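One structure is given below, encoded as structure tokens.
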Amino acid sequence: MASHIGPWRSDAQGRLSPDENGDPKTDYTRWRLVNEEGRQTWRYLETDAEHHAWPQSIADKYHLGLPTGLPELQHVKTPLQAAENGLSFFSHLQLEPGNWACEYGGPMFLLPGLLITWYVTNTPIPPEYTTEIKRYLFARQHPEDGGWGLHIEAHSSVFGTAMNYVALRLVGVSEDEPRMVKARGLLHKFGGAIYGPHWAKAWLSILGVMDWDCVNPVPPEIWLLPDWVPFAPWRWWIHIRQVFLPLSYIWSKKWSFPLNDFTKQLRQELYTQPYDSIDFSQHRNSIHSADNYYPKTWILNAINEAMVRVWNPFLRIGPIVKRAEDWTWELIRMEDENTDYAGLGPVNNPLNMVACYIHDGPDSYSVRRHRERLNDYMWMKGEGMLANGTNGVQVWDTTFVTQAVVVAGLADDPKWRPMLTKALEFIDDHQLRENVPDQEKCYRQHRKGAWPFSTKTQGYTVSDCTAEGLRSTIQLQEMHNFPKLISLERLKDSVDCLLLMQNPTGGFTEYETTRASEKVEWLNAAEVFGGIMIGYDYPECTTASVTALSLFSKFYPDYRADEIRIAKKKAVGYIKRAQRKDGSWYGSWGICFTYAAMFALESLASIGETYETSDNSRRGCDFLIEKQMADGGWGESYLSSEKHVYVQHEKSQVVQTAWACLALMEAQYPHKEPLERGIKLLMARQQRNGEWLQESIEGVFNQSCMISYPNYKFYWPIRALGLYSKKFGNDELQ
Ligand SMILES: CC(C)=CCC[C@@H](C)[C@H]1CC[C@@]2(C)[C@@H]3CC[C@H]4C(C)(C)[C@@H](O)CC[C@@]45C[C@@]35CC[C@]12C
């Protein structure tokens, strides 16, 4: 093969040194995390002058995996001391605006999408990015077979392997590099890139290394369906809808990056036979079993056939196509403007950028702004550079940190007051104060009063983020006398917003109320994810809402009292219905049954249902007790989320041990012994400087894809240790 190296060939100049694998590594002392009102980006300081003028912070060093220099703390004997040592370490990671930052990696299909977008829009990537992206992708390659999976802990798949192979080629790795040879060998064993899922095929077609004939149709005409149609796209789950939107625009244009020597060569690498001899139209439905988590239904297959054989060749006529493209473009534009080009997430945002490139041209404002904004998704860590699952976890983490301190009984200690005040300022700053313009037109949920997951710029309502924001605010402002930064009016706004988010079932979805029947899941085309077509009821979102509404009513019993009472009653009805026979709840956003149990048991306790008084609470506790491991901890594998049955991890996990202990304590589980064993495990795993080390991945979405919440290992154990000492006293345990 003649070698055509990817476009961004040059590594960062100077100061490169080999890492443990011999790959070039940038000078880690030059990286700084910039946090502008919660917008987090990484900057590499080129000159010595900048480097000396701007010293690295402890948080920079921690996130980069450099020694922080934080001292060993006093030897811990009691749970409360352990909580305080944990908090002492974690407080050093707070950033100036008051929030905490972290990596939000895990999924392995995000970075390739970003790189393809940069490439096809002729966006230069800084050489320090390419150097670190290579390191990250090689660090996450499975050494046994040379592949990558859907997420960092998953088995190798075509999606993971094809996309990350292409990503590495784009950042300049030669196809002859031994690790690439191995990856390509695996891809060919899988049958080549034609066996990838729908999204892989779409991305490769955009890059021009696959033919659009291989991609099942994504017609924008579907956006012309009247709103009353039960499966109209405005009713779909928000992430799928917002990904489908730009993809349908690009698909309609059949836009591909113009072929060049490099993409010509990639075409030779990704398949098991010569590119020109492949009949791509025959492979729309080819999918390897390693990727086929949610096989397409016969209904969807039939619709696809009808579209390919009848709609596209005979009925897809100019005026309809034009109207559909114009309307999808309008919706893309509204999403971009409503989020200042930050986008809902890491898939729709790059696709929107490609759509802007096609529609507005390479030098347009929209393309330039997207170019800047995509940096908000990039994260640096010891292993290199990756793409985060959102533009951060700012609000979510910050609310849980304040709650951990309150629950641990440390909120009145003057030592933590400045830290908590700053956190409250951040929560104040990121509450959403207005609805988006033309809310109905772009199908957005009410958001005035809500809190988002990351920042107000991203600006999407999330029910449980709103609930946690409300709860943190009441705890600090009403229960612990912190400045009243958030007025009662604004708290009422958040309650109004929450009440609008309840479904007729009593349950709560995360972003919007449920807009369609579960039957719409029959149209799930993604193959690699489950439960993506509509917004479902989630135990976590419902329970968090109940807990927050209960707290609100304690302080403001007169505000919408009847509506809150009825909402809670209906929500509790849902929570009880969602409980399985064995006492567990399936958790959709954390792994898995342990995570859901914590939220469910706490919410039942918030309405007075505990182990002694409620059969539901008792069964929930008994389920957890059954799962306690021999060393006193709890450990649940990510396979629980995938398989929908509890799967023990081979090793107990700090985070899940904290969740289980919290669940049992909130439910007033009457026996101390299992709790004491769990708490001892948390203490034993704590390091001398107060930190806990990273263990297995903690979060999940769409049943099959895992995502990291690295700050969980701090605030959940702190909360559990503190609550234990409040409940059982602070006797020595070690
Ligand atoms: C478009 C696809 C399939 C992938 C992009 C990834 C996103 C779907 C998800 C990445 C972050 C998620 C998980 C987001 C994170 C926070 C949770 C939560 C913990 C607040 C949860 O309780 C409610 C749902 C979440 C908002 C999440 C939904 C899905 C992601 C955006």
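Atoms within each ligand, like the ligands themselves, are counted from 1 in listed order. All figures in this text were calculated on a predicted structure; none of them were measured in a lab.
- Protein heavy atom closest to atom 16 (C) of ligand 1, with residue, atom name and distance, is Phe453 CE1, 3.2 Å.
- Of the residues Trp659, Trp692, Tyr712, the one that meets the side chain to side chain contact (heavy atoms under 4.5 Å, CB included) test with Pro717 is Trp692.
- By heavy-atom distance, the residue among Ala544, Gly535, Gly590, Gly389 lying nearest atom 10 (C) of ligand 1 is Gly389.
- For the pair Tyr538 and ligand 1, no heavy-atom separation below 4.0 Å is found.
- Between Phe244 and Trp236, the ring-plane angle classifies as perpendicular under the 30° and 60° cut-offs.
- Taking the charged nitrogens against the carboxylate oxygens, Glu636 and Lys643 have no contact shorter than 4.0 Å, which rules out a salt bridge.
- The protein heavy atom nearest to atom 22 (O) of ligand 1 is Asp464 OD2, 2.3 Å.
- The heavy atom nearest to atom 28 (C) of ligand 1, considering only Trp396, Phe109, Trp589, is found in Trp589.
- Between Phe453 and the choices Phe400, Tyr460, Tyr104, the ring pair (Phe, Tyr, Trp, His ring centres under 6.0 Å) rule is met once, by Tyr104.
- When the heavy-atom distances from atom 3 (C) of ligand 1 to Val528, Thr509, Asn702 are ranked, the shortest goes to Asn702.
- In this structure, atom 15 (C) of ligand 1 lies nearest to the protein heavy atom Tyr104 OH, 2.9 Å.
- Within ligand 1, the atoms closer than 4.0 Å to a non-hydrogen atom of Tyr511 are 26 (C), 27 (C), 28 (C), 31 (C), numbered from 1 in the order shown.
- Note that the CG atom of Leu476 and the CG atom of Asp428 stand 11.5 Å from one another [nearest 0.5 Å].
- Close approach of ligand 1 to Thr390 (heavy-atom distance below 4.0 Å) involves ligand atoms 11 (C).
- Within the structure, ligand 1 has Trp237 among the residues with a heavy atom less than 4.0 angstrom away.
- Between Tyr538 and the options Phe508, Tyr595, Trp589, a ring pair (Phe, Tyr, Trp, His ring centres under 6.0 Å) holds for only Trp589.
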Practice task
Please assess Glu518 against Arg235 for the test salt bridge (Lys or Arg N to Asp or Glu O under 4.0 Å), listing each intermediate value before the final yes or no.
Solution key: CA-CA 11 Å; Glu518 292 193 9; Arg235 299 173 184 276; over 6 Å; no
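- The part of Glu510 lying near ligand 1 is the side chain, judged by heavy-atom distances below 4.0 Å.
- The shortest contact between atom 31 (C) of ligand 1 and any protein heavy atom is with His239 NE2, 2.9 Å.
- Here Phe508 has no heavy atoms under 4.0 Å from ligand 1, in either its backbone or its side chain.
- Under the 6.0 Å distance and 45° angle rule, Arg580 does not count as a cation-pi partner of Phe623.
- The protein atom (non-hydrogen) at minimum distance from atom 17 (C) of ligand 1 is Tyr709 OH, 4.0 Å.
- Ranked by closest heavy atom to atom 1 (C) of ligand 1, the top entry among Phe701, Trp199, Phe244 is Trp199.
- Remark: aromatic rings of His239 and Tyr511 are close, center separation under 6.0 Å.
- Proximity of Met108 to Arg140: side-chain heavy atoms (C-beta onward) are separated by under 4.5 Å at one or more points.
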